[in-house]
Engineer: 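Below are the structure tokens for one structure; questions will follow.
First listed ligand is number 1; within each ligand, the first listed atom is number 1. Just the heavy atoms: all of them, side chains too, but no hydrogens, waters or symmetry mates, feed the values below.
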Amino acid sequence: MARDRWPRPLLHFAPPQGFMNDPNGLVYHRGRYHLFYQHNPYAPVWGHMSWGHAVGPSLLDWEDRPVALPEQPDYMVFSGSAVVDRDNTAGFGADALVAVYTAHYRDDREAQCLAYSLDGGERWTFYEGNPVLVDGERPHVRDPQVFRYEPGGYWVMAVARADDRQVAFYASDDLKRWELLSTFGPAGCWQEAPHWECPALLELPVDGSDRTHWLLKVDVDGGAPTGGSGAQYFTGYFDGVRFVPDDPPETVRWVEAGPDFYAAQAFNHMPDGRRVWLGWMNNWRYANALPTYPWRGMLTIPRALSMVEVKGRHHLVQRPCRECYARMQPVEAPQTGRSFPLPEAGLLRLRMRTGGPWHVRFFTGTTPGVVVGYDTENRRLFLDRRAAGRTDFSPDFPGRFEALLPPDAPEELDLEILFDLYSLEVFAPQARLVLSALVFPAPGDCAVVIHDEGETIREVLLCGYADASASA
Ligand code: FRU
């Protein structure tokens, strides 16, 4: 019997078919954004890892392209990044797109390799001198993040020594010969985490100043507070050689309060200098069991990154990229206590007071739906997907997730909740909080209801997403 095809999300990237995990090689080049991703083109389960590919004129419109870096006879092509080699430092050609990825060999060893494209990402050549970096005897070293360190005029690679729970920093003049600069870790959540993966070292603007500060994000494939895999971060300073953290090594900080955010990476060479990342909206605990077909796995919305300094301490702030707002069209605002139709994808903006409890049910109808709300007594925002549509495909999927508002959060807080087929992302930038969660509503469960017992919701704006390609 033919299985029903699940439509892809509207605002979020998902592959046409097969499995996807990490975003890879995010880069802007010659007027186009490139999105590569860990992909099994043959089946909607992890395996045969290759780099899938999509390109687009904006951060939201993606056109599927053929697989860019297919699995090789002796290895799978694991995660990595892409850079534009404007000055031809590697000798492949001026303006070459160079992918730096991990080869995961059949015997389980890993090493870093290069591939390049001279035609803007369509055709790729594996470099004949591969691998370019083998990190001693360590078998599991992966997920190179490469960027141009302008003050030094060299390339920097951050790469995860997975079993050691360390990030190693390397430098190169030509992307081919790499010299060890320093290492960082173990630190943060390392006792609970079996492996470190997917490092991202980023210099970010500090809101309300002309300063920058550095972020080092490292994913852990177990031991996250929401269960399973998650992303932790450190703030500090990178001096071209080492990352000097602000906090003592035992300090643990998480990028997300939700269960579904992993392996994020930022676009290289953004035309306007913004730092924008996207993550894999998933969790290794159930990634291979999600009910969608014939594709499985999707990304978060692209998020603009900055830091805020509060009482001398720097914190990460994430906001939906500004491109999404331009596509949002207001629809009739739901009145409290009444059921309203929810557009397929869009944004619910709320101004809440921290004085009293409220909650919103999304995707409700035949099932209670997903509840997003505020628990006054415990000062916590929460998201509860236990009674929403399909949850039975994995015992690890149902759950209630919560986040404590920081003491300095304003009394009136603006929340932006992005919804799409199969997901909710709750942004509270003034509280430096994001909760992202997958959700698989029951067919026909497409209403939203706001409950406001303490009359603490001040303003409500509900918008539907107007897909550019649909209106064209
Ligand atoms: C993270 C990860 C990476 C690896 C890739 C393999 O989700 O495990 O460490 O490169 O996925 O698909």
Engineer: Could you state the interatomic distance from CG (L114) to CG (L175), rounded to the nearest 0.5 Å?
Structural biologist: 6.5 Å

Engineer: Taking distance alone, with no angle check, do D22 and ligand 1 share an N/O pair under 3.5 Å?
Structural biologist: yes

Engineer: Which atoms of ligand 1 sit under 4.0 Å from any heavy atom of Y262?
Structural biologist: 1 (C), 7 (O)

Engineer: Any donor-acceptor pair under 3.5 Å linking the side chain of D143 with the backbone of C198?
Structural biologist: yes

Engineer: In terms of the angle between their ring planes, are F78 and H104 parallel, tilted or perpendicular, with boundaries placed at 30° and 60°?
Structural biologist: parallel

Engineer: To which of E197, H195, H39 does the heavy atom nearest atom 8 (O) of ligand 1 belong?
Structural biologist: E197

Engineer: Return the option from N21, N24, T102 holding the heavy atom at the smallest distance from atom 11 (O) of ligand 1.
Structural biologist: N21

Engineer: With the side chain counted from C-beta on, respond yes when Y42 and F19 share a heavy-atom pair under 4.5 Å apart, and no when they do not.
Structural biologist: no

Engineer: For S79, take its heavy atoms, then give the atoms of ligand 1 lying under 4.0 Å from any of them.
Structural biologist: 5 (C), 10 (O)

Engineer: D143 heavy atoms, cut-off 4.0 Å: which ligand 1 atoms fall inside?
Structural biologist: 3 (C), 4 (C), 9 (O), 10 (O)

Engineer: Hey, can you tell me if Y149 and Y154 have their rings parallel, tilted or perpendicular (30° and 60° cut-offs)?
Structural biologist: tilted

Engineer: Using the ring of each side chain (for Trp, its six-membered ring), is F440 parallel, tilted or perpendicular to F397, with breaks at 30° and 60°?
Structural biologist: tilted

Engineer: Please write down residue, atom name and distance for the protein heavy atom closest to atom 6 (C) of ligand 1.
Structural biologist: Q38 OE1, 3.2 Å

